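No experiment lies behind these values; they were computed from the predicted model shown.
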Amino acid sequence: EEDTFIHCDNASAINQAQKGANKRSKHIRIHQSYIWEQIHIFKRVIVLKVDTKYNPADLQTKPLNAELYNRHTRTIMGERNCFVKFASGD
């Protein structure tokens with residue numbers, strides 16, 4: 001099976017996925033156990049940080065400058081190669 005990559009722009013969500021629930025989020029521990037197993041035991045899910053300039057979902061959630069607005073719009077409309085790189089560590 002191939003790995004599944006989840007690109008996320010929320011540092012708290014990434015931290016919780018990698019380290020598990022903390023005292024403030026323990027109420028969702030049961031719901032996250034399957035994903036935790038996939039991340040930590042089976043190593044099938046990999047959670048990566050995605051920057052705003054590579055995250056087309058930001059088009060609907062944040063105010064963007066004209067360049068990012070146009071780039072994300074082209075991505076959502078199906079244009080390929082709008083971004084040279086789509087991964088963490090930019």
Side-chain angles (χ1 to χ4, degrees):
E1 289 184 37
E2 292 185 29
D3 291 341
T4 299
F5 293 92
I6 297 176
H7 294 89
C8 182
D9 68 346
N10 185 300
S12 294
I14 293 170
N15 188 42
Q16 189 168 337
Q18 293 172 344
K19 297 180 181 173
N22 58 34
K23 288 182 181 181
R24 298 181 78 185
S25 60
K26 65 182 177 183
H27 63 283
I28 62 171
R29 185 171 300 177
I30 294 170
H31 301 294
Q32 105 181 106
S33 63
Y34 174 78
I35 298 296
W36 189 90
E37 287 177 357
Q38 298 302 311
I39 293 171
H40 297 284
I41 297 172
F42 300 112
K43 310 284 188 204
R44 292 184 186 152
V45 175
I46 299 166
V47 181
L48 299 171
K49 173 86 169 121
V50 61
D51 191 79
T52 293
K53 62 184 167 183
Y54 301 120
N55 189 2
D58 283 351
L59 180 64
Q60 299 174 356
T61 61
K62 296 178 183 174
L64 301 172
N65 63 35
E67 178 187 357
L68 285 177
Y69 177 85
N70 291 330
R71 189 181 296 177
H72 292 329
T73 301
R74 290 194 317 265
T75 300
I76 289 174
M77 296 303 290
E79 184 177 323
R80 298 194 182 270
N81 300 321
C82 293
F83 301 105
V84 176
K85 181 181 176 185
F86 185 78
S88 178
D90 183 272

Approximate separation, where rounding is to 0.5 Å, of [X] [atom1] and [Y] [atom2]:
{"X": "Ile39", "Y": "Arg44", "atom1": "CD1", "atom2": "CZ", "answer": "13.0 Å"}
{"X": "Leu48", "Y": "Ile14", "atom1": "CG", "atom2": "CD1", "answer": "8.0 Å"}
{"X": "Thr4", "Y": "Gln38", "atom1": "OG1", "atom2": "CD", "answer": "8.0 Å"}
{"X": "Asn65", "Y": "Lys53", "atom1": "CG", "atom2": "NZ", "answer": "11.0 Å"}
{"X": "Asp51", "Y": "His7", "atom1": "CG", "atom2": "NE2", "answer": "12.0 Å"}

* **Backbone N/O of Gln60 and side chain of His72: donor-acceptor pair under 3.5 Å** =>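 No.
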
* So do the side chains of Asp9 and Asp58 get within less than 4.5 Å of each other, counting heavy atoms only? ->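 Answer yes - side chains close enough.
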
* So which heavy atom on Ile76 is nearest to which on Pro56, and how close? ->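 Answer, listing the atom of Ile76 first, then Pro56: CD1-O, 3.7 Å.
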
* What pairs with Glu67 under salt bridge (charged side-chain N to carboxylate O under 4.0 Å, His left out), at least two apart in sequence or on another chain? ->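 Salt bridge (charged side-chain N to carboxylate O under 4.0 Å, His left out) check on Glu67 returns Arg71.
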
* By side chain to side chain contact (heavy atoms under 4.5 Å, CB included) - contacts of Thr73 (at least two apart) ->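 Residues passing side chain to side chain contact (heavy atoms under 4.5 Å, CB included) with Thr73: Leu59, Tyr69, Met77.
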
